[in-house]
Amino acid sequence: MANKDFFDEEYDKLESTDKQKASDEQFRQWSSAQPPHSEKANNRKPLYISLICLGLVLCIVLGWLLCTIFTDISGGGTEEKILGEVLSVLDNEYYRKVDDTAMWNGIEDAGTALLQTAGDQFSRLMSPATYYMYNNPQSDVGGNSGGVFGMSFQIAEGIGLYVSAITVNSNAYGALQAGDLVVKLTDINSGYGVTVNGVTYTQIVTSDVSSKLMQQLLAGIDSATFSVLRSGDIESFSIKRGEIDYPNHVYPYEFVEFYFNDNLTNISTEPIGGAATCTKDERLLSKLAELPDTGYIRIDQFMNTAKSDGSSADAVSEFTAVMNIFRQSGLKHLILDLKGNPGGRVDFVSKIAGMLITDSKLSSVQQSGVTNRNGETLITYLQIRNGATQKYYAPAHYEYYFGEASSKPSIVVWTDENSASASELLTGALRDYGTAVQMGTTTYGKGIAQTVKELDYQGTFVMNGQTITERWAVYYTVAQYFSPVNNINIHGTGYTPEDPYNGLDTYEKLWNATINYFKTPAGSGGGTLANK
């Protein structure tokens, strides 16, 4: 069963230690990725009492939100007074007390619905539990015993847990597959279960729990039997969290995969973990032998993580290390695989873009418009409601890795419909500067940026027996972002490869087009798609 936007569950954000300095406070900690967001399934069973409570709670949240968030707009007018009266009736005259848990869950859902009336699926009201998970990502990042399952996923409420990707060097590799629908978890932690909010779950039917509860449960599970729906059949796999077993321990990278040859790679070149195949064969990387001066790099996402041994990893450091190997190996052309990349931190993607761009193909007027006083090159810029802009620059080091830029781009970027946010930002920058040709299919189309506003209200919740206090927060869209040279915003449309490189939806098609592109001399139909 296909899933069009796995990355809607992304928890990525720009951390508070971000070195970028914004002229307007609204730009601080903006994210090119999505907050926790759940799509409500159409076939969920309606409960009459729940609907009544939700309707009442909607009245509460409208008043509460308007009073606390939009006071500057309404100015304490009639709207607030009416909603205040409704709240008073509910508090003092309604025939029974509304359960606190149901009320606050309803407030989060109703607040999110109110924020999304503008048609923006990414804005939402975040309860203390949701905001805590946003700041402390739990989607397959650590657990009670550390380690990971090795899967990326999206939770569709009322349906189940969709698997979007599997880490090739993880415990899930060889068991779960992209496209699996996890319908049930049993044998949880040797049958003893996991406790959330005082309730112990020894088995979990994924369609019966909310997105928020599923996140909490997964954070506490160290092992379980995963029952998955695959090609019409149910299959079961026993999986436990564990440290990543890297195919090549010389390059223990979390976010960047590369293949230059069988001896210079950090991906599997033969089946491991009981799998029927390996990454090299899945991606047809043996075809790279036809392009002896070319390397293959895939970026999973533009993020960072802390490891259980106290060290850390980030996409920039890993990509820099791989590009140094690229240069030392004498390679001149690059295949950059961004298929399925959901985005990440804007400062990370800006630094990576700097290694892959040069302004040498621009006119002198264009060059002056994209260069700052420090000689850095523009990667993207944001524009907020009042027209103010915030620009992101990075040093341009293209020549260091590729030499002098030729009329024919030396980089081929592979994309698909799940290439989103920061990966689109990178694709746009490379296209604008004319250093890359895009191949594959149209990207997702997310050209907006979000920020978080903490509210002066706190709440408590229980996770794995621990009571946690956190604030309520509003996650909302604050700006649009644009490509650096052509000022393109791709929100809702995405980047589409130029003909004949559009519609390449398999690795076979991508390799055939890429090999033909690099082997065709410039000016002979090989394509020069600079600044389009």
Side-chain angles (χ1 to χ4, degrees), residues 1-7 151-154 162-168 172-174 176-181 228 230-232 256-262 265 267-271 275-292 294-301 333-343 409 411-420 423-424 426-427 430-431 436-445 493-520 525-527 529:
M1 188 178 297
N3 188 348
K4 66 178 181 180
D5 54 346
F6 285 111
F7 42 85
M151 65 174 179
S152 299
F153 58 86
Q154 181 186 32
Y162 286 105
V163 178
S164 58
I166 300 297
T167 304
V168 297
Y173 187 67
L176 301 182
Q177 298 178 6
D180 282 346
L181 174 65
V228 304
R230 179 187 300 168
S231 301
V256 177
E257 299 172 325
F258 74 100
Y259 180 87
F260 298 158
N261 56 57
D262 278 356
T265 182
I267 68 170
S268 60
T269 57
E270 58 184 31
T277 185
C278 63
T279 304
K280 175 187 175 182
D281 295 339
E282 287 176 344
R283 300 181 193 169
L284 307 181
L285 292 173
S286 60
K287 290 181 175 289
L288 193 65
E290 299 184 42
L291 301 170
T294 303
Y296 167 91
I297 299 176
R298 179 179 184 271
I299 305 177
D300 179 69
Q301 57 182 323
H333 301 101
L334 174 65
I335 299 169
L336 182 61
D337 189 350
L338 298 180
K339 287 161 55 68
N341 184 315
I411 303 170
V412 167
V413 177
W414 290 352
T415 65
D416 65 10
E417 65 276 10
N418 291 324
S419 304
S423 59
E424 294 179 288
L426 177 57
T427 299
L430 301 187
R431 285 175 54 127
V437 171
Q438 179 190 1
M439 295 186 185
T441 58
T442 302
T443 60
Y444 177 73
T493 59
Y495 282 109
T496 299
E498 301 280 347
D499 289 333
Y501 305 123
N502 188 24
L504 308 180
D505 55 1
T506 67
Y507 278 113
E508 182 76 31
K509 294 177 183 178
L510 285 166
W511 275 111
N512 289 341
T514 300
I515 291 170
N516 180 67
Y517 170 79
F518 280 129
K519 285 188 172 182
T520 303
L529 303 179

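We're numbering straight along the sequence, starting at 1.
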Give me the ring orientation class for His333 and Phe518: parallel if the planes are under 30° apart, tilted from 30 to 60°, perpendicular past 60°.
tilted
Contact check, side chains of Val413 and Leu426, non-hydrogen atoms, under 4.5 Å
no
Distance from Asn418 atom CG to Ser423 atom OG, nearest 0.5 Å?
9.5 Å
Determine yes or no for a side-chain-to-main-chain donor-acceptor pair under 3.5 angstrom, with Ser419 supplying the side chain and Leu338 the backbone.
yes
If you measure from CD1 on Ile267 to CG on Asp262, what distance do you get to the nearest 0.5 Å?
9.0 Å
Thr514 and Tyr501, any side-chain heavy atoms less than 4.5 Å apart:
no
Do Lys339 and Arg283 come within less than 4.5 Å of each other through their side chains, counting heavy atoms only?
no
Looking at side-chain heavy atoms only, is the closest gap between Phe260 and Ile297 below 4.5 Å?
yes
Are any non-hydrogen side-chain atoms of Leu430 and Leu336 less than 4.5 angstrom apart?
yes
Distance, nearest 0.5 Å, that separates OG1 of Thr520 from CD1 of Ile515
11.0 Å
Looking at Trp511 and Leu284, what are the two nearest heavy atoms and their distance?
NE1-O, 3.4 Å
Closest non-hydrogen atom pair, Tyr259 against Leu288
O-CD2, 3.3 Å
CG of Leu181 to CZ of Arg230: how many Å apart, nearest 0.5 Å?
11.5 Å
Heavy-atom donor-acceptor pair, Asn512 side chain to Glu508 backbone, under 3.5 Å
yes
With a 4.5 Å heavy-atom cut-off, do Asp180 and Met151 have their side chains touching?
no
Could you check whether Lys287 makes a cation-pi contact with Tyr296, meaning its NZ or CZ is under 6.0 Å from the centre of the six-membered ring and within 45° of the ring axis?
no
Hey, are the side chains of Val163 and Val228 touching, using non-hydrogen atoms and a 4.5 Å cut-off?
no
Using the test side chain to side chain contact (heavy atoms under 4.5 Å, CB included), find all partners of Thr441 that sit at least two apart in sequence or belong to another chain.
Asp416, Glu417, Asp505
Work out which heavy atom in Thr269 is nearest to a heavy atom in Lys280; give both atom names and the distance.
CA-CB, 4.0 Å
What residues, two or more places apart in sequence or in another chain, satisfy ring pair (Phe, Tyr, Trp, His ring centres under 6.0 Å) together with Tyr495?
none
Taking every heavy atom of Glu424 against every heavy atom of Thr443, the minimum-distance pair comes out as OE2-OG1, 2.7 Å
Minimal non-hydrogen separation, Asn502 against Pro497, with atom names:
CB-O, 3.4 Å
Closest non-hydrogen atom pair, Leu504 against Ala513:
CD1-CB, 3.5 Å
Nearest-0.5 Å distance that lies between atom OG1 in Thr279 and atom CZ in Arg298:
9.5 Å
Is the shortest heavy-atom distance from the side chain of Lys519 to the side chain of Leu291 under 4.5 Å?
yes
